[in-house]
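What follows is a short report on a single structure.
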Amino acid sequence: MLHPSVCFSCVSFLIRFKAAVSWYTVDLDLPPAKRWTAVITDKKADPLMLDTLPNPFRDEIKGIAAVSGVPLGEVVLFNIFYEVFTVCTSVVAEDDKGNLVHGRNLDFGLFMGWDVKNKSWIISEKLKPLVVNLDFKRNNQTVFKSTNFAGYVGMLTGIKPYVFTLTMNERFSLDGGYIGILEWILGKRDGMWMSFLTRSVLENATSYEEAKTLLAQTKLLAPAYFILGGNRTGQGCIITRSRLLSLDILEIDLKLGRWYVLETNYDHWKEPLFLDDRRTPAMKCMNTTTQKNISLKTMYDVLSTKPVLNKLTTYTTLMQVSEGQLESYIRDCPNPCMPW
Ligand SMILES: *[C@@H]1O[C@H](CO)[C@@H](O)[C@H](O)[C@H]1NC(C)=O
Ligand SMILES: *[C@@H]1O[C@H](CO)[C@@H](O)[C@H](O)[C@H]1NC(C)=O
Ligand SMILES: *[C@@H]1O[C@H](CO)[C@@H](O)[C@H](O)[C@H]1NC(C)=O
Ligand SMILES: *[C@@H]1O[C@H](CO)[C@@H](O)[C@H](O)[C@H]1NC(C)=O
Ligand SMILES: *[C@@H]1O[C@H](CO)[C@@H](O)[C@H](O)[C@H]1NC(C)=O
Ligand SMILES: *[C@@H]1O[C@H](CO)[C@@H](O)[C@H](O)[C@H]1NC(C)=O
């Protein structure tokens, strides 16, 4: 479906296709091995080196493997691939009334097989049916919500209602790059999987400031970008991480006219790779939209503009912290559409 839109004038055209994502509850009061039963049974998820992982992740993955019948090794592998083959766009913006909106496209499956006939990425297509919205509860109360793939226990996209919103984008970097993952495979387990950190932060941090400190200071296995939004004016940032430390924190700064922060997969102080510039079109679109008009709806339009939307885009999630709201859509990018 093609629609003209606010962004029509800035970049080629826009696709407003939406497919609903269903909701599941994950009960944090259950033992880790039992938490995912409903999601996995329902989605018949193919979940994935296990005894190497910390709890609660290890027991949750064991539970997933037990319910799905998929060999444990595959469940673990599946949980790790996300850390390596994901490219994304994330943006946190503040409107002129001080509301914070946070949107993201998750683009997954790069280099994992191109289907020539269908002009699509094989893995990206296979994952779409596994996209779920999750409501993590304790004492029957929501602790956090997320958009995720059934069978994956880390978090790439989530909200702690009324407190903060968080997404993670991959950072391809050679400074320390994947050495940590290599070391982890070889047995030296020093540092945390990035999406396990985001999960811990969503589950246990109680403020924007606490989340920011944990995301900036916890030792990781590989570099990453964390995009964090809070619940008060000025609370929105991109944390650029090396394995060991935070290299830079770019924050919303209304005094400087910076009413949004936007991250794809390149350090914001460097030019994006010319073959993969999703940043310029996305920023152009944000600038055309203006601070006055930014909302979940107009952010969806920005995230539906090619090539911000591309053949890898699996889902779009929109979050509004003040409403405790998370909504997500499975995406499809009809031809002609960039492979990434
Ligand atoms: C490619 O398209 C055909 C026909 O539409 C479909 O049957 C097949 O499952 C598709 N393959 C993938 C990998 O999506
Ligand atoms: C949990 O909360 C829902 C409404 O939020 C209520 O309908 C349900 O009965 C509660 N369940 C328990 C076990 O308290
Ligand atoms: C959150 O904190 C609780 C209590 O300290 C702990 O049991 C749990 O494992 C933590 N969750 C994560 C995902 O780290
Ligand atoms: C915003 O977050 C703080 C914690 O940083 C919390 O104390 C406060 O209640 C939150 N505001 C609202 C409106 O929920
Ligand atoms: C968007 O606006 C910002 C702030 O005015 C400016 O720095 C940036 O260059 C603009 N980007 C594009 C692509 O128009
Ligand atoms: C902002 O929204 C209003 C009302 O929907 C519309 O009339 C106006 O043209 C929009 N402004 C921009 C810059 O898109």
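It should be emphasised that the depicted structure is a prediction, and the values quoted were computed from it without experimental measurement. Order of appearance sets the numbers: ligands from 1, and atoms from 1 within every ligand.
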*Considering residues, nucleotides and ligands other than K137, do more than 12 of their heavy atoms fall under 6.0 Å from its NZ?*
yes
*Would you mind listing which atoms of ligand 4 come within a distance below 4.0 Å of any non-hydrogen atom of T206?*
4 (C)
*Could you tell me whether F144 and F136 have their ring centroids closer than 6.0 angstrom?*
yes
*Numbered atoms of ligand 5 (with element) below 4.0 Å of N287, judged on heavy atoms*: 1 (C), 2 (O), 3 (C), 8 (C), 10 (C), 11 (N), 12 (C), 14 (O)
_Does D267 form a salt bridge (charged side-chain N to carboxylate O under 4.0 Å, His left out) with R171? I'd like the steps, not just the answer._
CA-CA 8 Å; D267 296 346; R171 179 167 180 255; 2.8 Å; yes
*With a cut-off of 4.0 Å, which atoms of ligand 4 are near a heavy atom of Y162?*
1 (C), 10 (C), 11 (N), 12 (C), 14 (O)
*Under 3.5 Å between some N or O of ligand 4 and some N or O of N231?*
yes
_Carboxylate-amine/guanidinium contact E94 R258, below 4.0 Å_ = no
*Close residues, ligand 3: non-hydrogen atom nearer than 4.0 Å*: P56, R199, S200, E203, N204
*Do NZ/NE/NH1/NH2 and the carboxylate oxygens of D59 and R35 come within less than 4.0 Å?*
no
*Of the options V321, L228, T167, I227, which is the one that meets V92 in a side-chain contact (heavy atoms from CB on, under 4.5 Å)?*
I227
*Run the side-chain hydrogen bond (donor to acceptor under 3.5 Å, both in side chains) check on R199 and S146 step by step: do they pass?*
CA-CA 9 Å; R199 158 83 188 265; S146 101; over 6 Å; no
*Under 3.5 Å: N/O of K284 near N/O of ligand 5*: no
*Tell me who clusters with L326, hydrophobic residues only, linked when side chains sit under 4.5 Å apart either directly or through other members.*
W23, I159, M319
